[in-house]
Every structure is written in structure tokens, then in C-alpha cells.
There are 2 protein chains.
Amino acid sequence: MLVSALAAASGVPVPTIKYYLREGLLPPGRATGATRAEYGEEHVRRLRLVRALAEVGGLPIARVKDVLACLDGATPLTTALGAAHDALAGSPAPEAPANGAAAAEALVADAGWRVEAGCTSLAQLGAALAALAGAGFPVDPVALRRYVRAADEVAREEVDAIPGGDTADAVEFVVLGTVLHEPVLLALRRLAQQHHSVHRFGAPPGTC
Amino acid sequence: MLVSALAAASGVPVPTIKYYLREGLLPPGRATGATRAEYGEEHVRRLRLVRALAEVGGLPIARVKDVLACLDGATPLTTALGAAHDALAGSPAPEAPANGAAAAEALVADAGWRVEAGCTSLAQLGAALAALAGAGFPVDPVALRRYVRAADEVAREEVDAIPGGDTADAVEFVVLGTVLHEPVLLALRRLAQQHHSVHRFGAPPGTC
DNA sequence: AATGCTGGGCAGTACCACTATCCAATCATC
DNA sequence: GATGATTGGATAGTGGTACTGCCCAGCATT
């Protein structure tokens, strides 16, 4: 399969494929001459994955590369999961507002979760809580505890569902599940909000 | 309060405040002369809100403007919620892949939710499901139903928590809750995943 | 009067994700 | 073997977003 065929098979335009090759998101094809390279089915799969991570997951290209690196390397599962979380986080939360971090740690401790002390997700949570408080909309502690419970249930079942056999498969399963299910979860929450809000307040004339 | 004072009070640099004024994210101050304008506490609040929506919620400036428009206008609650959802959606899911849309509708019907037929969240869900299937990682229907249950519980409690009195307050509560709690929910899911995954697979040497 | 900050406007910057153009080398075809 | 299309590789350009800089005349303060 040549580039044009790869482009046709994946739906990604040739210049974009070249761009991904340059950026290291796609391994180069097997060179069969100075101006010819052969691509395989794995390149099609990889391209689809790149597009899913970028479009569904909303990850910037550099983060997609990080996630792919986890899948390719023979990383232990928990490391790969951490890397995926870091990739998802995006902004590294440069300033960690002390009150937010403290609130996040208290919440995690209250939930009984054992997590890495300085990890990105924790910083992210701290930053979000601090920003909410700073904007004048502190999260109701009761709501927060409900969120914790819901997150715990969802995550426990997700982790239970990880296949036990091959490590590489498990890594792929958990990393992609983490990244790609986020928009599904958010969309479902919004739809449920819509349903319950219509149920309680009634629907307005014409809008969604 | 003059711009520099507003900048000091909000932590937003003066040129950025000017930019927000140009873009209509911030109402102009009360002009007290040709080269002087007075800003109040509401401008500080608004600025903090803009930053929260942009940084915590990750919304592009144009979407922040849409969300703010809902808060300012005396829109009925369900309309405002829909607008907030649309603002969150971002990409309007240009091509609606038929199988994804069908899956989304089936899921919603199965959940017993009554939602607007063509609404953005539904399209978003359909696009996400289609992209996942296209990338070779279809969501496990059982997992999906668990997600639905979790989303339903969270949303029901969120809607129950909406204050009943003033409409404007309720709109603000629900719109900001929807937008700004997303990162909290996602961070909590990631932390819970980390906890359960460490619990099941053990922690690797040094990484988060 | 001198200094310094103000609002307003417009141009410029930095980054991101592509997209376009060019090139010599080659492959397939005539 | 000539010919035209295509390829990989490289470099430059595009469009969008979110600011950031700079300049200006006009006031306010000293």
C-alpha cells in the first residue's frame, strides 16, 4: 500500500499523513526504494486511532503522540494509565493554589483512594476546585461526595473490565477507554441533565 | 475602579481586559470622561467567571461569550441549559454518521430519557460512539449502560439541587454547574481509576 | 507646566494543525 | 527507451485563536 492508497483507506488526506509522519505519530512505511514506501493495515489502524484521539478525545497532536508512546512501549499498566492521564490533563496546572490542592487531597482521603501524591489528576482537581471557589461558585460538598461516589463506581467497574491476559492489550484497553470514553460520559451527563430538567421545569417553546 | 485597579483585583492583565471588552465578554465600564471609565465589583466577578469558563471549562472565547449571553438574557432555564450544552459541545459534529446517531438514540430511549430529537448533545454522543466503533474500539454495551446509570444519578441529583426561587439564579447555577463541574468529574474518574488500578495491578516504581 | 496613566484602536506575535509547493528520483506505460 | 504520473522528503505558507504591543491624544495629579 502506497501513501495514496493509505490515504484512501483511512480517509486522511496525503499531506496530513506526511505531517503525522513528520511528527512521529505514524511510523514510517517500509521503504522499497528511494521514492517508494509500503504501508500496511497497521498504519490504517494507527491513523484511525490518531484521529479518534484527536477528534473524539480532543487531544492536541503532541499529547496524542505521548499516548501512542505508552501504547507502543512495553510500559506497565499503571504507568501507561498515568501517562494517559497526563496527556488528558493538558495544562500542567502551573500554579497549584494551596487551598485547592488541600481540598483535593482531603477529598481523595475522604474517598479512601490511594493515589500518587503529586500526580497530574490531583493537581487538575485542585486547580478546578480552586478556580471554582475563586470564581464564586464553590462546589457543594454534598454534590462533591456524590461525584466521588459516581466516579468510584464507574472507575471500579472499568478497572474490573480490564482483560487480565496480555499486558499490551490491557494497556491499550485502559488507555483508550480512559481517553475515548470521556466525551461519551460527558454527553450522557448532559442528556440526563436535559431529561431531568425538562421533567422538573418543563420544555420551552422550540429549543433543545 | 479604573482598568489598572480592575486588573489588579482580578489578576487579569490590562491588555487582556481590553481584549475581552472588544470581544464583548465584559460590559464596558461607566464612562466618567473621555479617557476614564469606572468599573465595579460586577466586572471583577465577570472577569473571574470568564477565566473560569475558559481555563477550567476549556471553552474557546467565542463559546464563553455564548454562555455569558445565556446568563445575561432572561432565558427560561431549559433554553439556557441547551445553550450551555451547545457551547460545551464545541465541534457541531458536521457529519452525523448514521450508525452512531442510531446507537445514541437507542441508548437514550433505553434509558427512558426524553430529550430534544436533534440536539447537540445527542449528536455529540452519536459522533463519539461512531468514532469509537470506527477506530476499532466499540464501547461495551454493558459498560455503556453503567455509564447511563451513573450519568442519570449524577444529573438527577444535580437538577434536584437547583434552587427553585429566582430564575436567573437557577440559570446561573445550572449553567455554571454543567460547565465547570466537568473537569471535576473527569479528574475524579481518573483518580478513581488510578486507585482501583493500583489496587488491582500494583504500583510501578516511581511514576504517577 | 510636567508627568503619568487612560481608553481606544489597530497591528503584531506565538502557537497549532494542517496545507501547498517544489524537487529529484523512480515506477508504470507506451 | 521516452514519457508522464507519483512518491518521499523538505520547506514554506495558511487560517484560526488568544492574546500582546504600540501609539495616540486626553485628562488627572503634582
Side-chain angles (χ1 to χ4, degrees), chain A residues 1-40 43 46-68 87 90-92 94, chain B residues 1-40 43 46-68 87-92 94:
Chain A
M1 205 192 300
L2 298 173
V3 237
S4 51
L6 179 59
S10 64
V12 178
V14 173
T16 305
I17 292 178
K18 287 182 168 190
Y19 168 65
Y20 289 163
L21 285 167
R22 274 200 303 282
E23 296 296 317
L25 298 187
L26 194 63
R30 190 174 50 84
T32 63
T35 67
R36 220 117 282 218
E38 184 68 13
Y39 300 93
H43 289 93
R46 173 59 71 102
L47 268 178
R48 278 205 273 256
L49 183 53
V50 168
R51 299 300 272 207
L53 287 170
E55 286 171 11
V56 180
L59 298 190
I61 293 299
R63 299 295 173 168
V64 171
K65 192 179 171 185
D66 296 343
V67 171
L68 293 175
S91 52
Chain B
M1 205 191 302
L2 298 173
V3 236
S4 51
L6 179 59
S10 65
V12 178
V14 173
T16 305
I17 292 178
K18 287 182 169 189
Y19 168 66
Y20 290 161
L21 285 167
R22 274 201 302 283
E23 295 297 314
L25 298 186
L26 193 65
R30 192 173 48 84
T32 62
T35 68
R36 219 118 284 219
E38 184 69 13
Y39 300 93
H43 289 94
R46 172 60 72 102
L47 267 179
R48 280 206 271 255
L49 182 54
V50 168
R51 298 301 272 206
L53 288 170
E55 287 171 11
V56 180
L59 298 190
I61 294 298
R63 299 294 172 167
V64 172
K65 191 179 172 185
D66 296 344
V67 172
L68 293 175
L88 272 174
S91 52

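A note on names: the letters A, B, ... follow the listed sequences, proteins ahead of strands, and every chain is numbered from 1. Values below: every heavy atom of this structure, side chains too, minus hydrogens, waters and symmetry copies.
The phosphate of C:dA17 has neither OP1 nor OP2 within less than 4.0 Å of any side-chain N or O from A:Thr16. Distances shorter than 4.0 Å separate some side-chain N or O of A:Ser4 from OP1 or OP2 on D:dT7.
Within the 3.5 Å criterion, the main-chain N or O of A:Leu2 finds no donor-acceptor partner in the side chain of A:Arg36. Counting only distance, with no hydrogens or angles, the side chain of B:Arg48 and the backbone of B:Gly11 share no donor-acceptor pair below 3.5 Å.
Taking atom CG of residue A:Leu21 and atom P of nucleotide C:dC18, one finds them 14 Å apart after rounding to whole Å. Rounded to whole Å, the distance from CG on A:Leu6 to C1' on D:dT6 is 15 Å. B:Tyr19 has its OH atom 16 Å from the P atom of C:dG9, to the nearest Å. A:Arg51 has its CZ atom 12 Å from the P atom of C:dA17, to the nearest Å. The separation between A:Glu38 atom CD and D:dT6 atom P is 17 Å, rounded to whole Å. Distance B:Glu55 CD to D:dT17 P: 18 Å, rounded to the nearest Å. In this structure, A:Ile17 atom CD1 and D:dT7 atom C1' are separated by 13 Å, rounded to whole Å. A:Lys18 places its NZ atom 13 Å from the P atom of C:dT21, with the value rounded to the nearest Å.
The side chain of B:Ala34 lies closest to D:dG26, out of D:dT7, D:dT20, D:dG26. Comparing D:dT6, D:dG26, C:dT19 by their closest approach to the side chain of A:Pro13 singles out C:dT19. Ranking C:dC18, D:dC27, C:dT26 by closeness to the B:Thr35 side chain, first place goes to D:dC27.
Of the inter-residue distances, the one linking A:Leu21 atom CG with A:Thr16 atom OG1 reads 11.0 Å to the nearest 0.5 angstrom.
A side-chain N or O of A:Tyr20 and one of A:Arg51 form a donor-acceptor pair less than 3.5 Å apart.
Both A:Tyr20 and B:Tyr39 lie near DNA chain C, and the one whose nearest nucleotide falls closer to the 5' end is B:Tyr39.
Taking 4.5 Å as the limit, every side-chain heavy atom of A:Arg63 sits out of range of all side-chain heavy atoms of A:Leu53.
Judged by distance alone, with hydrogens and angles left aside, B:Arg22 brings a side-chain donor or acceptor within reach of the base of D:dT20, the pair sitting under 3.5 Å. For D:dT17, its base never sits under 3.5 Å from the side chain of B:Arg63 at any donor and acceptor pair.
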